[in-house]
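Order of the sequence lines sets the chain letters (A, B, ...), proteins ahead of strands, with each chain counted from 1. All values reported here derive from a predicted model rather than from experimental measurement.
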2 protein chains.
Amino acid sequence: MTPKTQTETPLPPRERILAAAGELFSKHGVRGVGVEAIADAADTNKMTLYRHFASKDELIAEWVRGIIAQKEAGWEEISAKNPNNPQAQLADWGRRVATTLAEMEGRGSALANALAELPERDHPARRVIEAHKLRQHKRVQKLCEEAGFQDPALAANLFYLLLEGATSCVQCKGLKRIGEDLVELVDRMIANSRNQQQRRL
Amino acid sequence: MTPKTQTETPLPPRERILAAAGELFSKHGVRGVGVEAIADAADTNKMTLYRHFASKDELIAEWVRGIIAQKEAGWEEISAKNPNNPQAQLADWGRRVATTLAEMEGRGSALANALAELPERDHPARRVIEAHKLRQHKRVQKLCEEAGFQDPALAANLFYLLLEGATSCVQCKGLKRIGEDLVELVDRMIANSRNQQQRRL
DNA sequence: CGAGAAAGTTACCGGTCGGTAACATATGGG
DNA sequence: CCCATATGTTACCGACCGGTAACTTTCTCG
């Protein structure tokens, strides 16, 4: 007996809450979802939520940390798959961004949205996101240096603007071929860097 | 008597409300400001606000329409100042975006933020913003065609991604030289288009 | 002056928000 | 078995939200 046929919730409540919060935050924005709705969606209650998270803001921050951890793991994969090949790493990265773009469908980057929704400059989530963006930019810049761009800082900013622009304008439906053109542009950039290297030899 | 020495409010309440709403929306986000705070900041009251605007959402939409009108006026200036010169128009546009960027200080584009804060796909403000972004993209594409880019659609998307990226990543302090590099990149693009034209002659 | 419109004032409505207290229930290990 | 710990349940708090009713003040213009 007690066949456990129903919802099958082997996950501890903390993980369920984080998962439910992630879905709802992505769909309705962090300010558009109340803690009660999150608890309900996680098949638990507000009290348990507050036993695991100090506040809604901390829950948001934790959710953001998870997203960032995924992205950093992506970078690890990239550098593991293309060791000592900055050009290939940049190209791989561009392709991943483009694929992620296609899945976003309508609502844009969760991180960018969170920044827009949390103007308070000392919000825990904001600090985490800003730190991540700076790290990301630094990483691209380092790759651009290794790839032999004549002006690595400029190239890095171009890459970075392309990324930010692409993830930002997914918000607006319409606007065709953004993803494909993104990888096309990244590839051209990389071809350009090869020419610059060659010329310098 | 009645020296009227105080705040000097010659503007009708509707304009005062729109101005106050604009400031507060920009600073705290549309969802972070209540109508009462807006009315107070406009030196009036909630009732008067609701006599001029059907709802808070409509007030937001009206504010957005104002911003868009400004931007469209900017485009009029650009095309008036550089008639029959698509390259110069694009360059001028890049420079204007860069200057605007410097003034944004911290919080990013009001339009992008509004999109992030209003996920409901049929929100009046969202519809207005999306229409404007499509118009903007179309305008850039047309200029790219006239400028003689080999692949005008690709060039237009590059310009557009640069713009969106720049206005988006102002959110994150740090990240130096974004504005300067934006105009540098735009200028290089334009130089590129001239080469392409030349080659085709 | 007097009428009418626009604006200000006060009080209120139902609803939701983030967050907490108090208590009941399960679960699992010594 | 019994106690500690994690979880569930219910009710509640004060604050704020968007929006409205009813009344008063002020101003303009005929």
Enquirer: Any side-chain N or O of His52(B) less than 4.0 Å from the OP1 or OP2 oxygen of dA7(C)?
Expert: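 Yes, because at least one side-chain N or O of His52(B) sits under 4.0 Å from OP1 or OP2 of dA7(C).
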Enquirer: For a quick test of reading the model: is some side-chain N or O of Thr44(B) closer than 4.0 Å to OP1 or OP2 of dA7(C)?
Expert: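 Checking dA7(C) against Thr44(B), no side-chain N or O comes under 4.0 Å of OP1 or OP2.
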Enquirer: Starting from P on dG18(D), measure out to CG on Leu118(B) and report it in whole angstrom.
Expert: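 Between P of dG18(D) and CG of Leu118(B): 13 Å.
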Enquirer: Would you say dG18(D) has OP1 or OP2 under 4.0 Å from some side-chain N or O of Ser55(B)?
Expert: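 So the side-chain polar atoms of Ser55(B) never come under 4.0 Å of the phosphate oxygens OP1 or OP2 of dG18(D).
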Enquirer: Is it true that Asp92(B) and Arg96(B) make a salt bridge, defined as a side-chain N closer than 4.0 Å to a carboxylate O?
Expert: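 The answer is yes: the pair qualifies as a salt bridge.
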Enquirer: Rounded to the Å, how far apart are Tyr50(B) OH and dT10(C) P?
Expert: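 Between P of dT10(C) and OH of Tyr50(B): 19 Å.
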Enquirer: Looking at the side chain of Lys46(B), which of dG18(D), dG18(C), dA22(D) is the nearest nucleotide?
Expert: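 Selected nucleotide (nearest to the side chain): dG18(D).
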Enquirer: Atom CE of Met47(B) and atom C1' of dA6(C): how far apart are they, to the nearest Å?
Expert: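 So the two atoms are 12 Å apart, to the nearest Å.
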Enquirer: Answer yes or no: is there an ion pair linking Glu72(A) with Arg139(A), defined by an N-O contact shorter than 4.0 Å?
Expert: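 Salt bridge: yes.
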Enquirer: Rounded to the Å, how far apart are Leu49(B) CG and dT20(D) P?
Expert: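 Answer to the nearest Å: 12 Å.
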Enquirer: Does this structure show an ion pair linking Glu62(B) with Arg65(B), if we count only N-O contacts that are shorter than 4.0 Å?
Expert: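 Yes, this pair counts.
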Enquirer: Whole-Å distance between dA6(C) C1' and Leu11(B) CG?
Expert: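 Leu11(B) atom CG is separated from dA6(C) atom C1' by 16 Å.
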Enquirer: Send over the distance from Arg51(A) CZ to dT9(D) P, rounded to a whole Å.
Expert: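 My rounded result for the distance is 11 Å.
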Enquirer: What integer distance in Å separates Glu36(A):CD from dT10(D):P?
Expert: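 One finds 12 Å between P of dT10(D) and CD of Glu36(A), rounded.
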Enquirer: Indicate whether OP1 or OP2 belonging to dG8(D) is found under 4.0 Å from a side-chain N or O atom of Thr48(A).
Expert: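 So the side-chain polar atoms of Thr48(A) do come within 4.0 Å of the phosphate oxygens OP1 or OP2 of dG8(D), strictly under.
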Enquirer: Is Arg107(B) salt-bridged to Glu117(B), cutoff N-O under 4.0 Å?
Expert: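 Between Glu117(B) and Arg107(B) there is a salt bridge, with a charged N closer than 4.0 Å to a carboxylate O.
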Enquirer: Using whole Å, what does the distance between atom P of nucleotide dT16(C) and atom CG of Asp40(A) come to?
Expert: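 Whole-Å distance recorded here is 13 Å.
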